[in-house]
Amino acid sequence: MKIVIAEKPSVARELAKVFGATTKKNGYIEGKGYSFTWAFGHLLQLAPPQEYGFIGWRRQHLPMLPKKFKLAIRKIKTKEGFVDDPAVKKQLDIIRQLFDEATEIIVATDAGREGELIFRYIYYYLKCKKPFKRLWISSQTDEAIKEGFRNLKPGTDYDTLFNSAHCRSESDWLVGMNATQALSISAGARSVLSLGRVQTPTLAMICSRYLEIKNFVPQTYYQLSIQLDQQGQIFKAISVNSFDKKEEAEALFEKIEDLKSGFPNGGHILDVEAKPRKEPPPLLHDLSSLQQEANKKKGFTADQTLSLLQNLYESKLVSYPRTGSRYIGDDIFAGIPDLIRKVSDHPDFGKQADFLQTVSLNKRSVNAKKVTDHHAILPTGENAYGLSADKQAIYDMVVGRMLEAFHQECVKEVTKITVESGSLFTANGTVIRSAGWRSVWNDNEEEKKDEDNPSLPKVKKGELLPIIEKQLLEKQTKPKAMYNEASLLKALETSGKEIEDEELRYAMKDTGLGTPATRASIIETLITREYIIREKRNLVPTSKGLAVYDVVKDQKIAQAELTGQWEKRLEEIRTGASVTDFKSEITDYTRTITNELLAAGATLLDKMSPKTESVKAG
DNA sequence: GCAAGGTC
């Protein structure tokens with residue numbers, strides 16, 4: 001019997017289907033000489049400190065540097081505390097039995113670093129010694145799967161990939177566990193003060209933005225505004241320059257030749273510029289962009305959106321949700337017309353679905369090279385009925401985005417009129433000529449700048465128009481907005497792009513901080529630790545969060561660059577570089593940060609404002 | 001009690 005092991009049940013089912021294996025057994029599918037089984041993501045994790053004898057949180061244990069890491073079954077939280085997840089235990093037993101009977105093991109976990117780790121941890125935990133082959137495919141179509149099985153690779157081809165995954169895993173444990181205990185212990189251990197490669201830079205981003213806003217000093221500046229009349233159609237123009245000094249603005253204000261000052265036609269039209277502007281449709285959704293849309297439109301948290309989406313996925317209504325790709329391959333594209341046809345009876349989208357069947361589809365989201373482990377999120381075409389309001393809302397965002405992505409571009413006409421009257425003024429207007437993809441949601445929620453006119457009257461260069469009103473505007477510069485879940489997710493995705501060091505920036509070019517699958521839980525962790533709170537839609541640091549930030553802000557653990565450095569080294573390991581070098585670097589770093597935090601944490605209590613900590617202390 | 005990673 002040949003055993004195929006996938007990362008998750010949906011993939012195992014897909015593979016079994018291609019082979020025509022149909023006998024459903026407990027925990028696997030059998031047929032045609034194969035058994036298709038699965039994991040549920042990581043079944044095993046690095047064992048916690050107490051399993052190496054580090055019982056309790058004690059200064060003398062630090063840094064904890066296990067000689068050899070152990071693996072432990074994934075835990076779930078119950079009333080009695082953390083226990084082995086029974087579902088995981090059961091699945092491991094099934095896998096063990098299948099491996100025992102196997103004549104051949106075929107690894108079909110996702111084609112990437114973590115997919116490799118998921119399998120290897122199982123394999124080593126079960127002490128399996130049989131050789132294995134690797135299925136390596138980047139598309140889940142029948143043809144790609146068949147081709148992949150014709151081209152199975154020797155399992156050992158991926159040993160270096162496993163090495164890099166293993167290093168990632170152990171390094172996160174070493175740095176995270178030690179830094180967390182060091183800070184907690186030295187701060188008096190009243191509560192858990194967690195730190196980690198991903199959560200701490202995320203906290204730092206939220207805190208530094210908050211402080212930037214808090215310390216922001218608004219600057220007053222002045223602008224001039226005039227209203228012109230073109231045969232009864234009124235439009236507004238704003239001075240090209242803004243002024244720091246009021247006197248300067250007042251001097252030019254006096255020079256405006258408006259009606260009240262005795263000028264019947266004081267607005268000289270210097271120039272009229274009308275340009276079409278084309279907006280291509282947005283790309284299909286990946287998890288992050290969908291979480292952002294759901295947060296903006298519905299106020300859902302990243303975590304809520306992920307769980308609603310997981311639910312839709314388990315009901316087979318949408319494709320795999322934790323994807324980082326916003327593209328599909330040509331094979332999937334071939335099925336899009338069918339999917340669009342099925343939307344025809346949708347109450348909101350039916351009309352646009354009908355329209356799309358009459359035109360050729362936009363292929364902006366079609367690019368097989370940009371499909372990684374999973375393609376962009378799509379509906380499956382199964383009938384969706386009786387969904388809860390929240391689930392329906394998410395489902396509609398998936399369907400709506402599909403229609404948008406394959407729709408036509410939106411064509412706007414942007415007009416700019418330049419007026420002279422003592423000084424220069426411009427009037428801007430935007431008119432949608434052809435809504436294209438924007439007709440799907442029809443909510444045209446483009447932020448309108450307040451100086452924008454919805455539409456401008458026909459005006460010709462050289463014309464003279466009456467100025468019916470003039471105003472001196474006193475304005476203030478505004479700080480950046482506080483992070484909310486949508487803007488934070490975006491910032492996590494792009495955090496690598498702001499790194500100055502070119503190599504580190506390159507190392508993070510397709511990762512950012514965290515992964516699509518983990519970002520929602522990072523936000524939740526920071527909330528559980530009482531580092532941040534949700535205030536309306538904003539994520540605001542607490543005094544505890546700010547105090548932790550203050551201790552670590554200049555340390556490497558608070559910088560996105562740390563991930564960049566690791567990614568660079570891990571990629572080198574994947575291509576064959578020494579593992580021992582990296583490991584000893586991480587050990588050194590663990591020692592350093594542990595000692596620094598053991599010393600620094602003592603100052604942390606002073607930094608917390610009285611209202612959070614001393615109340616509890618009293 | 002603690003990381004980050006994956007998923008039901």
Side-chain angles (χ1 to χ4, degrees), chain A residues 6-12 27 38-52 54-58 61-64 69 74-77 81-82 85-88 90-91 109-110 112-122 164-185 187 189-202 287 306-307 309-315 320-324 373-374 492 511 513-522 524-526 528-529 557 562-563 566-567 570 586 590 593-594 597:
Chain A
E7 181 155 329
K8 43 190 167 274
S10 64
V11 173
W38 52 79
F40 312 111
H42 278 295
L43 301 183
L44 299 155
Q45 53 193 187
L46 296 177
Q50 60 266 30
E51 301 210 17
Y52 309 95
F54 306 120
I55 315 286
W57 292 33
R58 312 173 83 89
H61 291 157
L62 303 185
M64 304 174 287
F69 275 94
R74 185 215 291 163
K75 305 287 186 286
I76 50 164
K77 202 175 181 175
F82 287 88
D85 185 333
V88 168
K90 192 177 147 208
Q91 192 64 17
T109 47
D110 290 357
R113 199 164 74 194
E114 292 303 320
E116 190 65 26
L117 191 63
I118 285 171
F119 166 72
R120 299 276 184 137
Y121 274 177
I122 294 171
S164 80
H166 197 204
C167 281
R168 198 279 308 148
S169 178
E170 292 188 350
S171 304
D172 275 326
W173 190 105
L174 286 170
V175 171
M177 296 290 186
N178 282 295
T180 297
Q181 288 202 14
L183 185 65
S184 304
I185 290 170
R190 204 169 293 134
S191 62
V192 176
L193 299 174
S194 67
L195 298 173
R197 171 180 58 88
V198 177
Q199 62 171 267
T200 304
T202 306
L287 175 61
L306 176 54
S307 120
L309 207 54
Q310 171 70 15
N311 215 302
L312 290 166
Y313 167 64
E314 285 168 22
S315 316
Y320 179 77
R322 290 175 213 83
T323 175
D373 288 351
H374 307 279
L492 289 175
T511 45
L513 271 179
T515 70
T518 58
R519 284 181 193 131
S521 70
I522 290 159
E524 297 304 317
T525 297
L526 295 178
T528 309
R529 300 276 173 269
I557 197 171
L562 180 61
T563 291
W566 286 22
E567 287 299 337
L570 292 171
I586 293 293
T590 301
I593 182 134
T594 303
L597 289 170

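Convention: sequence-line order gives letters A, B, ...; per-chain numbering from 1. Below, all heavy atoms of this structure are taken into account, side chains as well, without hydrogens, waters or symmetry copies.
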Would you classify [X] as touching base, sugar-phosphate or nothing, given that sugar-phosphate means primed atoms plus P, OP1 and OP2, and contacts are heavy atoms under 4.0 Å?
X: E116(A); result: nothing
X: R519(A); result: nothing
X: Y313(A); result: sugar-phosphate
X: E114(A); result: sugar-phosphate

Can you tell me if [X] touches the phosphate of [N], counting only side-chain N or O atoms and a distance under 4.0 Å to OP1 or OP2?
X: T518(A); N: dA4(B); value: no
X: Q199(A); N: dA4(B); value: yes
X: Y320(A); N: dT7(B); value: yes
X: R113(A); N: dG5(B); value: no
X: T515(A); N: dG5(B); value: no

Legend entry - Any donor-acceptor N or O pair under 3.5 Å, side chains S194(A), Q199(A): yes
Inset, instruction - Mark this stacking check for W57(A) against dG1(B) as yes or no, applying ring centres under 5.5 Å and ring planes under 30°. - result: yes
Inset, instruction - Spell out yes or no: do the side chain of Q310(A) and the base of dC8(B) have one donor N/O and one acceptor N/O closer than 3.5 Å? - result: no
Legend entry - Residues in side chain to side chain contact (heavy atoms under 4.5 Å, CB included) contact with S10(A), at least two apart in sequence or another chain: K8(A), R13(A), Y313(A)
Legend entry - A47(A): side chain to side chain contact (heavy atoms under 4.5 Å, CB included) partners, not counting sequence neighbours: E51(A), Y52(A), K70(A), A72(A)
